[in-house]
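What follows is one structure encoded as structure tokens, with my remarks underneath.
The residues of the chain are indexed from 1 along the displayed sequence.
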Amino acid sequence: MSFTPRTRPKSESQNSKPKPPKSSSSISSHSLLIEPSPSFFPSKGELSRLFAVVAIAASVAITCNVFVNFLNRQPKPFCDNDAGFDNSLSDLCEPCPRNGVCHEGKLECARGYRKLGKLCVEDADINETAKKLSKLEVKKVCEAYAQYLCGGTGTVWVQEDEMWNDLDDSKLMENYGLDSAIYVHAKQRAMESVDKLLETRKNINGSKEFKCPESLVEHYKPVTCYIRQWIAEHALILVPFTALLLGCTLLLLRIRRRHYLSVRAEQLYNQVCDILEEKALTSKGVNVEQEAWVVASWLRDHLLSPRERKHPLLWKMVEDLVQQDSRLDRFPKMVKGESKVVWEWQVEGSLSSSGKRKKHEESKLKSSEGTNVSSNQQRRPLQYGFLQN
């Protein structure tokens, strides 16, 4: 038996042939068309850095543009001083500031003012000088009026020419250290201030006169003026009150002096008693008999200080106390050819405690007078040779 191989049809064989493999490049291009790569788009950090760079570049560009425009910009001219022109409605020029003179777009400040940017401000030197000059003139006018009110010798109204003459004094200009042009303007400013502060009027000649207001003149009156005015207003009360006060003062001084003399006289009287008592005891205790009496004037000069001797009332009070004492005897006696009044102790023995009595009287005298007789003035023993006849 013969074997015959079977053959496939051509078409099947052709269709059954294996397809050749596709290349890698075709595969990658096909994948790109289908889905983009993850690295194709920038990340969030890259986007933020990109935006920051762009913002910085834009800011620098805008700043440079503004700065260049500012440097290249021409300042707006000032509007001329025109009475019929409204500066506030113009955008082409700057309004002319107050106290300024504008002409052809340029600004010039009036005298007494200086340019500060687009404004005209007061000159500090002129302003300060004008204030000082105005205060000086106001002070002169008010002091003159205050003197008139207090003593009647001042001036009420001061003429304007006199005030200008005072301001024209060259010494004032030298003191403030200003040139003549500036000083002239300072004087004008000062007179403007004076005109606002003081009262003004026109005299019969048409000249202006100045007067200090009543509310301002009170600050320029001296203290003595206020005292005199107060006394004049309250004279009906002050006169009787002063008389009453003076009378009470004199009465108190007289009572105080009377009390002092009374205490001092009592002290001197006790000292006299002690001296006479001691004299009486010693005169009988010696072999040679001595007189027991003592001249009154000698006792007075011995006990009284030179200041107390000028007041005879004190010793007169002592004499009255001695006369009222029955233990003492007073009688005239011829001593060295002169008639003297002598005192003598008539009682034998000691009837008093001299030490205690003297201490009590000294304390009583100090409390009433304070400092009248020094405490060291105590009774010294009489030199009996002096007291003997």
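- Ionic pairing of Lys340 and Glu338 is present here: one or more N-O contacts between side-chain nitrogen and carboxylate oxygen are shorter than 4.0 angstrom.
- Between Leu304 and Val318 there is no side-chain heavy-atom pair separated by less than 4.5 Å.
- The hydrophobic clustering, which links ILVMFWY residues whose side-chain heavy atoms are closer than 4.5 Å, places Leu314 and Val322 together.
- Once rounded to the nearest 0.5 Å, the distance linking CG of Leu276 with CD of Glu278 reads 10.5 Å.
- Rounding to the nearest 0.5 Å places CD of Glu137 at 13.0 Å from CG of Asp195.
- Smallest separation of non-hydrogen atoms from Ser339 and Pro332: OG-CB, 4.5 Å.
- In terms of heavy-atom proximity, Cys96 sits nearest to Leu107 at SG-CD1, 4.3 Å.
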Worked verdict on Asn203 versus Trp157 for side-chain contact (heavy atoms from CB on, under 4.5 Å): CA-CA 10 Å; Asn203 58 12; Trp157 292 93; over 6 Å; no
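- Scanning both residues, Ala146 and Val217, for their nearest heavy atoms gives N-CG2, 3.7 Å.
- The line from CG of Leu252 to OG1 of Thr249 is 6.5 Å long, rounded to the nearest 0.5 Å.
- Between the Ser262 side chain and the Arg258 main chain, no donor and acceptor come within less than 3.5 Å of each other.
- Under a cutoff of 6.0 Å and an axis angle of 45°, Arg327 and Trp345 do not form a cation-pi pair.
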Derivation and outcome, side-chain contact (heavy atoms from CB on, under 4.5 Å), residues Tyr226 and Thr224: CA-CA 5 Å; Tyr226 282 106; Thr224 55; over 6 Å; no
Trace of the side-chain contact (heavy atoms from CB on, under 4.5 Å) decision for Leu268 with Leu299: CA-CA 10 Å; Leu268 294 172; Leu299 283 174; over 6 Å; no
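- Within the 4.5 Å cutoff, the side chain of Val141 has no heavy atoms near those of the Lys211 side chain.
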Donor-acceptor contacts, no H, no angles, side chain residues 230-246, under 3.5 Å, sequence neighbours left out:
from	atom 1	to	atom 2	distance (Å)
His234	ND1	Trp230	O	2.8
Thr242	OG1	Leu238	O	2.6

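- Side-chain atoms of Glu319 and Tyr269 include no donor-acceptor pair closer than 3.5 Å.
- To the nearest 0.5 angstrom, Leu250 atom CG is 11.0 Å from Ile255 atom CD1.
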CA sep, side-chain torsions, deciding dist, call: Glu214, Tyr145, side-chain hydrogen bond (donor to acceptor under 3.5 Å, both in side chains): CA-CA 9 Å; Glu214 298 296 335; Tyr145 186 34; 2.5 Å; yes
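- Checked against side chain to side chain donor-acceptor pair (under 3.5 Å), Asp161 has no partners two or more places apart in sequence or in another chain.
- Counting only distance, with no hydrogens or angles, the side chain of Arg189 and the backbone of Asn127 share no donor-acceptor pair below 3.5 Å.
- Put simply, SG on Cys212 and NE2 on His219 are 9.0 Å apart, with the number rounded to the nearest 0.5 Å.
- Residues Tyr148 and Leu198 are members of separate hydrophobic clusters, defined by side-chain heavy-atom contacts under 4.5 angstrom among Ile, Leu, Val, Met, Phe, Trp and Tyr.
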Candidate pair Lys208 and Lys202, rule side-chain contact (heavy atoms from CB on, under 4.5 Å), full reasoning: CA-CA 5 Å; Lys208 183 183 288 187; Lys202 294 285 186 178; 4.2 Å; yes
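- For the residue pair His311/Arg257, the side-chain donor-acceptor check at 3.5 Å is satisfied.
- Between Lys221 and Glu218 there is a salt bridge, since a side-chain N of the basic residue sits under 4.0 Å from a carboxylate O of the acidic one.
- There is a side-chain donor-acceptor pair under 3.5 Å between Thr153 and Gln147.
- Val156 and Phe210 fall into different hydrophobic clusters, where Ile, Leu, Val, Met, Phe, Trp and Tyr side chains are chained together by heavy-atom contacts under 4.5 Å.
- Residues Val341 and Phe331 form no side-chain contact, since every pair of their non-hydrogen atoms from C-beta on lies 4.5 Å or further apart.
- Taken together through direct or relayed side-chain contacts under 4.5 Å among Ile, Leu, Val, Met, Phe, Trp and Tyr, Tyr260 and Leu321 form part of one hydrophobic cluster.
- Scanning all heavy atoms of the two residues, the minimum distance from Ala130 to Ala190 falls at O-CB, 3.5 Å.
- Grouping the Ile, Leu, Val, Met, Phe, Trp and Tyr side chains by contacts below 4.5 angstrom, directly or via other members, places Leu50 apart from Ile56.
- Minimum interatomic distance between Pro213 and Glu199 (heavy atoms only, all atoms of both residues): CA-OE2, 3.7 Å.
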Test salt bridge (Lys or Arg N to Asp or Glu O under 4.0 Å) applied to Glu308 and Arg264, step by step: CA-CA 10 Å; Glu308 291 176 334; Arg264 179 60 176 157; 2.9 Å; yes
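- In this structure a side-chain-to-backbone donor-acceptor pair under 3.5 Å is present from Thr282 to Lys279.
- Atom CD of residue Gln346 and atom CG of residue Asp329 lie 4.5 Å apart, to the nearest 0.5 angstrom.
- Arg201 CZ: more than 12 foreign heavy atoms inside a 6.0 Å radius.
- Closest of all the heavy-atom pairs between Cys150 and Arg228 is CB-NH2, 3.7 Å.
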